[in-house]
Amino acid sequence: MAVRRHGGRAAAEERIAEEPADAEQDEESAARDIGSGTGRTINDLIASYKNDADSNFPSLSFATREQYEALLRLVAKDHGEERISDLNARVLKRWHTEWSEGGKIAVAHSKIGMVRRIMGYGATMLEDADCVRLSLVLNKLKFELPKARTEKMTEEQANAIRAMAHQKERPSIALAQAFQFDLGLRQKDVIGDWVPVADRGESDLIDDNKKWVRGLRWEDIDDRLILRKQTTFGDLVFDLHMSPMVMAEFAAQFGLEADFGERNALPQKGPVILSEFDNLPWSAPEFRRWWRLIADAAGVPPEIRNSDSRKGL
């Protein structure tokens, strides 16, 4: 159950192991000293960036740390053993060209952005002369940017996904899709996040050493069906009577009459979106996997993503 909820082996490999508290000071010192001088490699710089308490890495949110971890592993896999003193503008441009092969401009952009980030850390926090030099070089270099996404989900596609979710006996995904499309919410604002217990934020749901935070709760909806929710875009106040998809799902799933619904027909507390597998909030990887399976079955083109649900935004 834990493997299914938190994304399996691939997701587990991306977790950052918590270090013993009594070793923290020694590791911070090692992070500053590792690979000092002209022999410092990309791997050395990455280790320093991740373990130095004065780096911004430890203070990042869990989701952002996972994203950075994945990018850092990719950079290290390709060029981790290379010495920073051997790098220059031509080398960095070759890296970007290699990473862009096959039209992977967005991937190359993300990787070179991470190189820029760790060089900035090395320049400011380690005062490494080669990092200072390369930070200046990277600020001057111009790389091809990925094309801005223009795809938007249509109302017909959103309704098709909702209908297919019910056919697949995944009404939670139908309700999540309704909230995303009608209210313009991001996935994480609807289904929430499972983060390490030690991460910031309080939660009344803990499972497999993780806690659930940030998702929609029934307590966010008052007696007049006004939703008040702090989201990644700021505080949201929304009359759910103005959300036809959400009201339709409330009617189908909870018996709430769409035109004259009373709040007492809905659950009083707890997460709004619960997985049918275990009656707990979905993990992001499993939700995305099931959403894609349902979208494919509904005939929604593969270029339409869950993130395209944000109608008109």
Side-chain angles (χ1 to χ4, degrees), residues 6-16 41-52 55-82 84 87-126 130-131 133-152 186-189 193 195 232-233 283-285 287-289 291-292 302-310 313:
H6 302 305
R9 180 177 179 182
E13 289 176 349
E14 293 182 6
R15 296 178 187 171
I16 303 169
T41 66
I42 292 292
N43 281 337
D44 295 332
L45 184 58
I46 289 173
S48 292
Y49 174 66
K50 289 171 55 179
N51 294 306
D52 187 348
S55 155
N56 75 325
F57 186 83
S59 64
L60 297 171
S61 70
F62 174 68
T64 303
R65 286 201 308 273
E66 281 197 319
Q67 180 184 7
Y68 282 20
E69 280 270 355
L71 283 170
L72 288 168
R73 282 197 300 274
L74 291 173
V75 171
K77 178 182 177 181
D78 293 339
H79 301 291
E81 298 300 326
E82 298 194 37
I84 299 171
L87 306 182
N88 54 37
R90 295 180 187 277
V91 172
L92 294 172
K93 284 181 72 67
R94 282 200 299 272
W95 288 10
H96 187 272
T97 299
E98 293 168 2
W99 288 334
S100 299
E101 289 179 358
K104 298 179 180 179
I105 305 301
V107 172
H109 181 70
S110 297
K111 288 182 179 180
I112 207 69
M114 186 53 64
V115 172
R116 182 179 281 111
R117 182 174 295 275
I118 60 175
M119 290 302 169
Y121 158 77
T124 55
M125 304 309 300
L126 301 183
D130 287 312
C131 289
R133 173 178 60 83
L134 291 170
S135 289
L136 294 173
V137 168
L138 284 164
N139 284 335
K140 295 292 185 181
L141 287 176
K142 302 295 182 183
F143 298 103
E144 182 180 359
L145 296 175
K147 293 181 180 179
R149 285 182 52 78
T150 59
E151 292 83 356
K152 290 295 179 184
R186 286 183 173 177
Q187 182 189 106
K188 69 173 63 178
D189 292 323
D193 276 332
V195 302
T232 51
F233 295 103
S283 71
F287 182 87
R288 284 195 296 268
R289 186 175 74 85
W291 184 92
R292 187 68 258 171
E303 60 267 21
I304 298 294
R305 305 174 185 172
N306 177 266
S307 57
D308 297 324
S309 300
R310 299 180 60 240
L313 298 179

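These numbers come from a predicted model, not from an experiment.
- Under a 3.5 Å cut-off, the side chain of Arg116 and the backbone N or O of Asn139 do not form any donor-acceptor pair.
- Contact record, Pro58 with Arg65: O-NH1, 4.0 Å, taken as the closest heavy-atom pair.
- In this structure, Arg94 does not pair ionically with Glu98, as no charged nitrogen and carboxylate oxygen lie closer than 4.0 Å.
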Side chain to side chain contact (heavy atoms under 4.5 Å, CB included) between Trp95 and Glu82, worked out: CA-CA 12 Å; Trp95 288 10; Glu82 298 194 37; 3.7 Å; yes
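- Applying the 6.0 Å contact sphere to NE2 of His109 captures no more than 12 heavy atoms from other residues, nucleotides or ligands.
- Contact check on Asp308 versus Arg305 returns no salt bridge, with no Lys/Arg side-chain nitrogen under 4.0 Å from an Asp/Glu carboxylate oxygen.
- With rounding to the nearest 0.5 Å, the separation of CD in Gln187 from CG in Asn306 is 4.5 Å.
- Panel note: side chain Asp193, backbone Val195; no donor-acceptor pair is recorded below 3.5 Å.
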Derivation of the salt bridge (charged side-chain N to carboxylate O under 4.0 Å, His left out) call for Glu69 and Arg73: CA-CA 6 Å; Glu69 280 270 355; Arg73 282 197 300 274; 3.6 Å; yes
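- In this structure, a donor-acceptor pair under 3.5 Å is present between the side chains of Thr41 and Asp44.
- Annotation: Glu144, atom CD; neighbour count of heavy atoms from other residues, nucleotides and ligands within 6.0 Å does not exceed 12.
- Using modelled atom types and a 3.5 Å distance limit, the side chains of Thr64 and Ser61 yield a donor-acceptor pair.
- With no hydrogens or angles considered, no side-chain donor-acceptor pair links Tyr49 and Arg117 at under 3.5 Å.
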